[in-house]
Amino acid sequence: MLTRRDFLGATAAGLVVAGTGGAASAQSAYPAKPIRLIVPYPPGGSTDIAARVVGEQISQSLGQRFVVDNRPGAGGNIGMQLAATSDPDGYTVVVGTTAHAINMTLFKDLSYDTVKDFEPIALLTEVPLILVVNPAVKAQTVEELIALAKEEPGSLDVASSGNGQSTHLAAELFNAMAGVKMTHVPYKGSAPAITDVVAGHVQLMFDTVMSALPHVQAGKLRALAVTSAKRAPVVPDVPTIAEAALPGYEAIAWNGLFAPKGTPRAIIDQLNAETVKAVQSDKVKEQFASMGATARPTTPDEFGSYVRNEVTKWAKVVNESGARIE
């Protein structure tokens with residue numbers, strides 16, 4: 001089974017996801033050479049792992065390598081800007097995430113447009129966040145947490161992996177829907193944030209299942225709910241926030257495949273078909289499940305609509321929260 005550790009030794013750029021040169025390349029003009037897969041985050045994270053898992057599967061089918069190019073920085077904006085200005089010839093694709101929907105409103109002067117500058121290919125994964133609290137917090141349920149926040153306004157601190165990240169905006173959406181105000185404490189990444197929640201320096205966090213679950217299983221954190229519309233298979237006994245207290249609440253960390261605007265539709269359709277086939281394979285499903293992720297096959301148009309809806313949804317949350325990055 002693929003694990004995070006398998007990728008931690010990867011170089012930050014140019015690591016090759018191996019493919020097989022066979023009949024596929026001989027039968028089609030595309031792809032005639034390796035395809036660059038830009039990942040706007042460092043090696044070893046959940047987005048990077050998902051990209052490599054799917055890239056490996058597609059490369060075996062297409063008969064050409066996917067060359068993973070990690071371009072982290074600026075909340076994922078450096079990699080997306082690079083992709084937006086790349087030739088739309090089908091030989092550059094990029095993994096976009098929830099952050100790139102959020103960034104449309106969060107950043108004052110964004111150098112790219114997630115909707116206008118890209119061709120959507122397919123959704124890769126959806127990963128629920130999990131609401132966890134330090135065991136010292138008196139609340140045993142979401143309803144009790146909301147009651148506590150209302151009884152003592154401002155007394156609860158909620159950690160995040162950074163301003164404007166999904167872990168932050170999930171909390172702001174919770175605040176808005178529950179009618180409470182918890183104090184946001186941003187960190188530079190999920191690891192230091194969850195560490196401080198475990199230590200009790202901050203009371204709670206909306207974190208990825210992959211990051212928080214080991215602490216829950218060790219009894220160092222208490223899981224109150226997941227942020228998806230349906231219960232997460234990896235933690236089936238944990239209710240959703242929607243069913244526990246706030247109907248309609250949903251905050252998903254997703255990632256998907258994009259190409260620069262103007263990439264021929266025939267190539268988009270071919271990459272979509274290969275991606276859908278990859279995410280439906282037993283091997284990829286098993287590897288995603290180990291990360292707490294699920295895959296929902298989409299057409300390019302369905303994924304495009306999905307992204308537009310996410311931009312609209314998170315714009316409202318960003319504006320109501322007042323979060324901004326210059």
Side-chain angles (χ1 to χ4, degrees), residues 97-99 101-102 105-106 126-186 190 193-194 197 202-213 215-216 221-254 292-294 296 306 309-323:
T97 71
T98 316
I102 294 170
T105 309
L106 182 69
E126 293 179 306
V127 182
L129 301 178
I130 186 167
L131 169 56
V132 291
V133 300
N134 183 278
V137 175
K138 292 182 291 185
Q140 300 290 322
T141 66
V142 177
E143 284 189 333
E144 290 179 0
L145 181 68
I146 293 172
L148 182 62
K150 288 182 175 180
E151 289 171 7
E152 304 173 17
S155 64
L156 293 177
D157 294 336
V158 55
S160 82
S161 57
N163 281 313
Q165 297 298 309
S166 58
T167 53
H168 170 204
L169 273 298
E172 295 294 352
L173 180 61
F174 184 91
N175 279 341
M177 293 185 67
V180 300
K181 184 60 179 176
M182 298 182 291
T183 303
H184 174 225
V185 182
S190 177
I194 201 70
V197 179
V202 184
Q203 285 89 359
L204 66 145
M205 183 177 180
F206 292 76
D207 199 11
T208 63
V209 174
M210 187 177 181
S211 172
L213 189 56
H215 300 293
V216 174
L221 294 175
R222 182 188 307 126
L224 297 189
V226 293
T227 62
S228 48
K230 297 180 180 179
R231 293 195 181 198
V234 70
V235 283
D237 295 333
V238 178
T240 68
I241 290 176
E243 69 177 288
L246 302 175
Y249 181 98
E250 183 180 17
I252 293 291
W254 56 266
T294 57
R296 178 160 57 86
Y306 181 99
N309 289 339
E310 284 286 287
V311 170
T312 300
K313 171 183 177 176
W314 291 116
K316 181 179 179 181
V317 178
V318 170
N319 288 329
E320 289 180 351
S321 71

Which pairs pass salt bridge (Lys or Arg N to Asp or Glu O under 4.0 Å) with one or both residues in [range], sequence neighbours excluded?
{"range": "residues 146-170", "result": "none"}
{"range": "residues 227-252", "result": "Arg231-Glu243"}
{"range": "residues 311-321", "result": "none"}

Side chain of [X], backbone of [Y]: donor and acceptor closer than 3.5 Å?
{"X": "Ser211", "Y": "Asp207", "result": "no"}
{"X": "Thr240", "Y": "Val226", "result": "no"}
{"X": "Arg222", "Y": "Ala139", "result": "yes"}
{"X": "Thr167", "Y": "Ser161", "result": "yes"}

field: Minimum heavy-atom distance between Trp254 and Ala101, given as atom pair plus value
entry: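 Smallest heavy-atom distance, with atoms named: CZ2-CB, 4.1 Å.
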
Closest non-hydrogen atom pair, Ala223 against Val238: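 Closest approach of Ala223 to Val238, heavy atoms only: CB-CG2, 4.2 Å.
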
Test side chain to side chain donor-acceptor pair (under 3.5 Å) applied to Tyr306 - qualifying residues, sequence neighbours left out: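 Residues passing side chain to side chain donor-acceptor pair (under 3.5 Å) with Tyr306: Glu126.
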
- line: side chain to side chain contact (heavy atoms under 4.5 Å, CB included) with His215: of Val132, Asn134, Ile194, only one passes, and it is Ile194

query: Which residue, Leu204, Leu148, Val197, forms the side chain to side chain contact (heavy atoms under 4.5 Å, CB included) with Val137?
result: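 Testing each of Leu204, Leu148, Val197 against Val137, the sole residue satisfying side chain to side chain contact (heavy atoms under 4.5 Å, CB included) is Leu148.
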
Under 3.5 Å, side-chain donor or acceptor atoms of residues 171-184 against the rest of the protein: list the pairs with distances, not counting sequence neighbours.
from: Glu172; atom 1: OE2; to: His168; atom 2: NE2; distance (Å): 3.0
from: Asn175; atom 1: OD1; to: Met182; atom 2: N; distance (Å): 3.3
from: His184; atom 1: ND1; to: His168; atom 2: NE2; distance (Å): 3.4
from: His184; atom 1: NE2; to: Ser160; atom 2: OG; distance (Å): 2.7

When rounded to the nearest 0.5 angstrom, what is the spacing between [atom1] in [X] and [atom2] in [Y]?
{"X": "Ser166", "Y": "Ile102", "atom1": "OG", "atom2": "CD1", "result": "6.0 Å"}
{"X": "Tyr249", "Y": "Leu131", "atom1": "OH", "atom2": "CG", "result": "8.0 Å"}
{"X": "Ile130", "Y": "Thr227", "atom1": "CD1", "atom2": "OG1", "result": "9.0 Å"}

field: Ala225: partners by side-chain contact (heavy atoms from CB on, under 4.5 Å), with sequence neighbours left out
entry: Val142, Ile241

